[in-house]
Amino acid sequence: MQQPFVRFEHVEKSYDGKQLVVRDLSLDIAQGEFLTLLGPSGSGKTTTLMMLAGFETATSGEIYLDGKPINRIAPEHRNIGMVFQSYALFPHMTVAENVGFPLSVRGITGEAAHSRVMAALDKVGLKGLESRRPAQMSGGQQQRVAVARALVFEPKLVLMDEPLSALDKQLREQLQYEIKRLHNELGITIVYVTHDQTEALAMSDRIAVFHQGRIQQIDIPTELYERPANAFVAQFIGENNTLSGKVSAVSGNTCQVTLADGTVITGQSVKTPTVGDATLVSIRPERVRLNPHSQGDDSQVAATVVDITYLGRYARLRLKACGLGDFIVTLPNDGRDLALANGSAVNLGWSAVDCRVLDSE
Ligand code: ADP
């Protein structure tokens, strides 16, 4: 990376002087990047975003913006656009007045302000609604106003904290697409907070996965999904079958794991394991084959169907396998009848590359 646009250097935050809610955070964000902070509630995402915005101060460490330390710079002098979940619009002001607000506090008024407000409203598809008040608009429209307000002073960096969480699924997907389009068109850097992994996968250039105030893994979406670094990331991003066992043989990065019920399976290890190590193994439901015809699968295990749920695009099977009572397999709907009764005996197979051998913690 060239000089990062944003840099967190060993940043920590405690609200009460005892417990750290952000721990030893070092993170570089490139200019023009769409970076998402993803994690469960309470993992430190908003605190991290608020320290970058300047509404919270770091307990230790330093944050740099465009090469300059900003810990002592007030939020209004950082020139960062913000969009919140709650829209935070002024109810007594019209749409145009709301969007123009950041310009008026910067001393930009009159025709110069008017043309920028109209351009920002055009970008978010709200032309013609400039005289409405927020209460006369839908949630989706109000959030578009908030996005226009964040963009109107042409900041290079825009922070978004769960901006779409209050909207229903269809609207959320539409606005995800529009925010992504604006990001591409304007070349701005966006730091985005969400607890929704699907949203993070759909929108981000890179995702930083937070858990208990620490980044567990930071990577592009495909790597996070295909190669989770630890059991937390494997469970948090997508669905996974997690099995515990002991490493019984190692050959390069492939190893055999003996599960508690004696089943031996083959997987690829994230780190270099040693025979005898306790380990967790994770296998994605969509990578498991049912009654595989070829012998090409690196692992084959016997299983019993517990139940099948028909979900339209795919079927979700719950099985007894590998000592688990709820081993999940998803099968795409290819139009054929699965013709499987609950209680049927089947075989499951998968390739070693789809079976990740993780650290046990
Ligand atoms: P997230 O955005 O991932 O949900 P937060 O950064 O909001 O996480 O919170 C991290 C932790 O810090 C939580 O335990 C939360 O209760 C605590 N916390 C957040 N804001 C404050 C505050 N203003 N005062 C005290 N504790 C806070």
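All ligand and atom numbering here is 1-based and tracks the order in the structure.
When all heavy atoms of Thr266 and Trp350 are compared, the pair lying nearest together is O-NE1, 4.1 Å. Shortest non-hydrogen contact noted between Arg181 and Lys123 is NH2-O, 3.3 Å. Shown here for Leu37 and Leu35, the closest heavy-atom pair between the two residues is CD2-CD2, 3.6 Å.
Of the N and O atoms on the side chains of Tyr314 and Glu286, not one donor lies less than 3.5 Å from an acceptor on the other residue.
Nearest protein neighbour of atom 7 (O) of ligand 1, counting heavy atoms only, is Thr46 CB, 3.7 Å. Nearest protein neighbour of atom 19 (C) of ligand 1, counting heavy atoms only, is Tyr15 CE1, 3.5 Å. Looking from atom 5 (P) of ligand 1 to the surrounding protein, the closest heavy atom is Thr47 OG1, 3.6 Å. The nearest protein atom to atom 8 (O) of ligand 1, hydrogens excluded, is given as Gly44 N, 3.2 Å; this is a heavy-atom distance. Atom 10 (C) of ligand 1 has its closest protein heavy atom at Gly42 O, 3.5 Å.
Of all atoms in ligand 1, listed by their number and element, those nearer than 4.0 Å to a heavy atom of Pro40 are 3 (O). Per-residue contacts place Ser43 under 4.0 angstrom from the following atoms of ligand 1 (heavy atoms of the residue considered): 1 (P), 3 (O), 8 (O).
Residue-to-ligand polar distances keep Glu56 apart from ligand 1: every N/O pair is separated by 3.5 Å or more. Among the atoms of Val21, none of the N or O lies under 3.5 angstrom from an N or O of ligand 1.
For atom 16 (O) of ligand 1, the nearest protein heavy atom lies 4.0 Å or farther away.
Leu186 and Val99 fall within the same hydrophobic cluster, defined by Ile, Leu, Val, Met, Phe, Trp and Tyr side-chain heavy atoms under 4.5 Å apart, directly or through other members.
Aromatic ring pairs are classed by plane angle as parallel below 30°, tilted from 30° to 60° and perpendicular above 60°; the pair Phe55 and Phe84 is tilted. Using bins of under 30°, 30° to 60° and over 60° for the plane-to-plane angle, the ring pair Tyr192/Phe34 lands in the tilted bin.
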